[in-house]
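One structure is given here, and the rest of the page talks about it.
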Amino acid sequence: MAEIHDQFDTILILDFGSQYSHLITRRCRELNVYAELMPCTSRLADLKFKPKGIILSGSPYSVYDDDAPHADPGIYTLGVPILGICYGLQEICWNYKGHVAKCDHREYGLAEVQISRFNESGNSVDALFEGLGDQMQVWMSHGDQLSLIPPDFHVIGRTSTAPYAAIAHNSKPLYGIQFHPEVTHSPQGRQLIGRFVLNICQCQANWTMEEFIGKEIDRIREICGQKGRVIGAVSGGVDSTVAAKLMHEAIGDRFHAIMVDNGVLRLNEAQQVNDMLNKDLGVNLTVVDASELFLSRLDGVEDPEQKRKIIGNTFINVFETEAAKIEEASEKEENGAKGKIEWLLQGTLYPDVIESISFKGPSATIKTHHNVGGLLKDMKLKLIEPLRELFKDEVRALGRLLSIPAPLVQRHPFPGPGLAIRILGPVTREQVKILQQADHIYIEEIRKANLYNQISQAMAILLPVKAVGVMGDKRTYEQVIALRAVTSEDFMTADWYAFPPEILRRISSRITNEVSGINRVTYDISSKPPATVEWL
Ligand SMILES: Nc1ncnc2c1ncn2[C@@H]1O[C@H](COP(=O)(O)OP(=O)(O)OP(=O)(O)O)[C@@H](O)[C@H]1O
Ligand SMILES: O=c1[nH]c(=O)c2[nH+]cn([C@@H]3O[C@H](COP(=O)(O)O)[C@@H](O)[C@H]3O)c2[nH]1
Ligand SMILES: NC(=O)CC[C@H](N)C(=O)O
Ligand SMILES: [Mg+2]
């Protein structure tokens with residue numbers, strides 16, 4: 001079966017646990033080169049493809065720490081170019097027997113790198129820095145640095161405090177840099193990564209969504225064969241809509257989309273999604289009302305991880321039941337597709353996967369996304385996830401190419417476990433109703449103020465606490481709604497959105513007036529990290 005690596009040159013990024021590892025991946029892809037992130041503990045023998053180049057990420061560790069992570073030494077004899085970033089540089093130095101030592105002062109922030117143009121013999125040594133000038137502003141974040149350059153390496157860049165800020169091997173395409181080219185604070189970082197990926201590794205720059213569509217449709221057809229049938233979990237969110245449209249293009253009516261009303265959707269969501277997919281996109285969608293089943297299983301549950309697990313598992317139960325129903329119904333029909341439904345389509349994205357593949361392992365799990373960690377262990381349907389390698393902005397680009405209407409492509413994400421993870425206490429029909437109303441007003445006012453597209457995600461959260469208020473001269477004792485809106489490139493980090501005060505005033509006044517059970521509204525001003533986007 002054709003794999004993504006057979007179709008696109010791949011840069012392998014080994015993750016040593018840096019908070020910027022995924023950014024390296026993104027930067028390569030922005031250069032139209034496919035890049036994949038893997039834990040630094042991956043063994044080369046287990047790799048199903050040969051990368052065109054390898055980038056070693058930063059890390060919170062020091063190379064001589066007892067538990068410091070180290071890459072498979074096989075990478076150095078694979079014969080492909082390697083670029084080490086920060087810890088990655090120190091890792092190369094450690095492997096080639098140079099020396100790393102603590103700096104006198106931790107260096108965190110901007111620095112100026114002086115680039116060396118020529119080595120002692122007068123030969124140009126700047127393949128990595130070609131065209132980037134003699135000095136470069138860069139961003140540093142380290143407490144260790146090279147104190148001794150390994151034999152057979154030479155300096156290609158230094159700063160006032162780091163004499164070995166950039167090094168290269170004398171004869172092999174091995175490079176290490178102390179600074180972080182992947183962050184936007186290194187203005188020429190993108191160009192530098194381009195030097196490595198395009199010029200040194202010689203990757204083809206063909207990772208575009210136009211290329212992806214054709215190749216992915218072929219791949220889906222190959223996976224499903226002539227007769228294979230697929231049931232699709234579709235929520236009305238961007239990811240699953242794009243996945244559904246792609247699947248529909250690939251296998252037509254052998255694909256059946258199912259939206260599950262799990263009782264914790266937004267106000268009128270099921271109806272709207274039904275109209276949108278059936279009428280606007282021509283994808284045959286069935287809405288299944290399973291709210292009673294979900295709400296009964298969620299009864300009394302407060303723990304966020306348990307809520308996610310229950311919802312993830314119940315989704316699969318519902319899909320299996322629906323698959324059986326579709327199979328049965330199609331047996332009775334004269335025309336149309338027949339046979340077993342073997343596959344379940346999900347709109348899983350790369351960031352959902354990244355969290356679960358970090359080399360730090362399960363101990364660092366922050367939350368189990370319902371569609372990755374929350375799946376049933378013994379499920380019969382096989383998963384098909386065409387967007388598993390894509391970031392959100394790539395999915396949106398794909399959506400535009402597939403002619404999915406702009407308002408849908410720009411939709412804020414809405415988590416599968418829905419309002420259940422925005423009700424901080426137990427989930428009941430009454431609590432869901434209160435939150436649906438508050439959420440509806442909030443989003444409506446954001447749209448009216450023309451702010452929807454400036455905000456990456458906005459949500460209302462129902463707190464399980466009561467506060468005292470006064471209404472019509474009477475004392476009230478009711479619940480509190482928290483509002484949250486964030487801006488974010490990829491939801492791995494996020495900042496809170498600064499609303500004009502008059503908008504917040506109007507939203508607050510409408511919620512307290514129109515939603516019975518709420519007498520107070522607060523606004524969340526926490527970034528991610530240290531908070532997360534969702535409260536649970
Ligand atoms: N109510 C639902 N009915 C059916 N499938 C769902 C439902 N909610 C979520 N899913 C499945 O879980 C996947 C992950 O949900 P997620 O919210 O991350 O993606 P999305 O809803 O497609 O897009 P977005 O992130 O923009 O909301 C979806 O792609 C879809 O396959
Ligand atoms: O489908 C989903 N199932 C989940 O279990 C889940 N948890 C968080 N999210 C969404 O992921 C993004 C990052 O959220 P956090 O900062 O809260 O992890 C935000 O966009 C969240 O809405 C989920 N989506
Ligand atoms: N950002 C990093 O990779 C840091 C690496 C190493 N721990 C240091 O402090 O130097
Ligand atoms: Mg969603």
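When a ligand or atom number is given, it counts from 1 through the structure's own listing order.
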Is Gly416 close to ligand 2, meaning an N/O of one under 3.5 Å from an N/O of the other?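 By distance alone, the answer is yes.
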Could you tell me whether some N/O pair between Arg422 and ligand 2 is separated by less than 3.5 angstrom?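 Min N/O separation from ligand 2 is not below 3.5 Å for Arg422.
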Hey, which atoms in ligand 1 end up nearer than 4.0 Å to a heavy atom of [X]?
X	value
Phe414	17 (O), 21 (O), 24 (P), 27 (O)
Phe319	4 (C), 5 (N)
Ile258	4 (C)
Lys392	24 (P), 25 (O), 26 (O)
Gly416	8 (N), 9 (C), 17 (O)
Phe315	1 (N), 2 (C), 3 (N), 7 (C), 8 (N)
Gly347	29 (O), 31 (O)

Got a sec: does the [atom1] of [X] have more than 12 other heavy atoms crowding it under 6.0 Å?
X	atom1	result
Lys433	NZ	no
Lys340	NZ	no
Lys448	NZ	yes

So is [X] polar-close to ligand 1, meaning N/O to N/O under 3.5 Å?
X	result
Pro415	no
His412	no
Pro413	no
Gln346	no
Thr348	no

Using a heavy-atom cut-off of under 4.0 Å, does the side chain or the backbone of Met459 touch ligand 2, or both, or neither?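 For Met459, there is no contact with ligand 2 at all, from either part.
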Check each heavy atom of Pro415 against ligand 2 and say whether those closer than 4.0 Å belong to the side chain, the backbone, both or neither.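 Both of them.
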Could you name the option among Ala233, Gly312, Ala270 that has the heavy atom nearest to atom 5 (N) of ligand 1?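 Looking at heavy atoms only, Ala233 sits closest to atom 5 (N) of ligand 1.
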Can you check which of Arg308, Lys392, Glu534 brings a heavy atom nearest to atom 6 (C) of ligand 2?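 Shortest heavy-atom distance from atom 6 (C) of ligand 2: Arg308.
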Can you label the angle between the [X] ring and the [Y] ring as parallel, tilted or perpendicular, going by 30° and 60°?
X	Y	value
Phe391	His22	tilted
Phe319	Phe315	parallel
Phe16	Tyr87	tilted

Numbering the atoms of ligand 2 from 1, which are under 4.0 Å from a heavy atom of [X]?
X	result
Thr532	15 (P), 16 (O), 17 (O)
Lys528	13 (C), 15 (P), 16 (O), 18 (O)
Val533	14 (O), 15 (P), 16 (O), 17 (O)

Check for me whether Arg411 has a heavy atom closer than 4.0 Å to any atom of ligand 1.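 In this structure, Arg411 fails to qualify as a contact of ligand 1 - no heavy atom is under 4.0 Å.
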Any heavy atom of Asp261 closer to ligand 1 than 4.0 angstrom?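 Contact absent.
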His412: partners by ring pair (Phe, Tyr, Trp, His ring centres under 6.0 Å), with sequence neighbours left out: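 His412: ring pair (Phe, Tyr, Trp, His ring centres under 6.0 Å) contacts with Tyr452.
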Glu292: side chain to side chain contact (heavy atoms under 4.5 Å, CB included) partners, not counting sequence neighbours: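 If we apply the side chain to side chain contact (heavy atoms under 4.5 Å, CB included) test to Glu292, skipping adjacent residues, the hits are Arg429.
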Which residues pass the side chain to side chain contact (heavy atoms under 4.5 Å, CB included) test with Ala290, sequence neighbours left out?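 Ala290 satisfies side chain to side chain contact (heavy atoms under 4.5 Å, CB included) with Val260, Phe294, Val318 only.
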Any non-hydrogen side-chain atom of Leu463 less than 4.5 Å from a side-chain atom of Trp535?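 Contact flag for Leu463/Trp535 side chains = yes.
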Arg411 side chain to Thr241 side chain, donor-acceptor N/O pair below 3.5 angstrom: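 Thr241 and Arg411 do not have a side-chain donor-acceptor pair below 3.5 Å.
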side-chain contact (heavy atoms from CB on, under 4.5 Å) evaluation trace for Glu394 with Phe212: CA-CA 10 Å; Glu394 293 176 318; Phe212 178 83; over 6 Å; no
Does the Arg520 side chain pair with the main chain of Val480, one donor and one acceptor, at a distance under 3.5 Å?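 The answer is no, because no donor-acceptor pair under 3.5 Å joins these two groups.
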Do Ser240 side-chain atoms and Ser235 backbone N/O form a donor-acceptor pair below 3.5 Å?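 Confirmed, Ser240 side chain pairs with Ser235 backbone.
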Salt bridge check: are [X] and [Y] linked by an N-O gap of less than 4.0 Å?
X	Y	value
Arg219	Glu389	no
Arg26	Glu30	yes
Lys325	Glu322	yes

2.8 Å cut-off (strict), protein N, O or S atoms about the Mg ion (ligand 4):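 Count of protein N, O, S atoms less than 2.8 Å from the Mg ion (ligand 4): 1.
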For the pair Glu302 and Leu536, evaluate side-chain contact (heavy atoms from CB on, under 4.5 Å) and give the outcome as yes or no after the intermediate values. CA-CA 10 Å; Glu302 284 189 51; Leu536 290 186; over 6 Å; no
For ligand 1, note which part of Val234 has a heavy atom under 4.0 Å away: side chain, backbone, both or neither.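 Under 4.0 Å from ligand 1, Val234 contributes backbone atoms alone.
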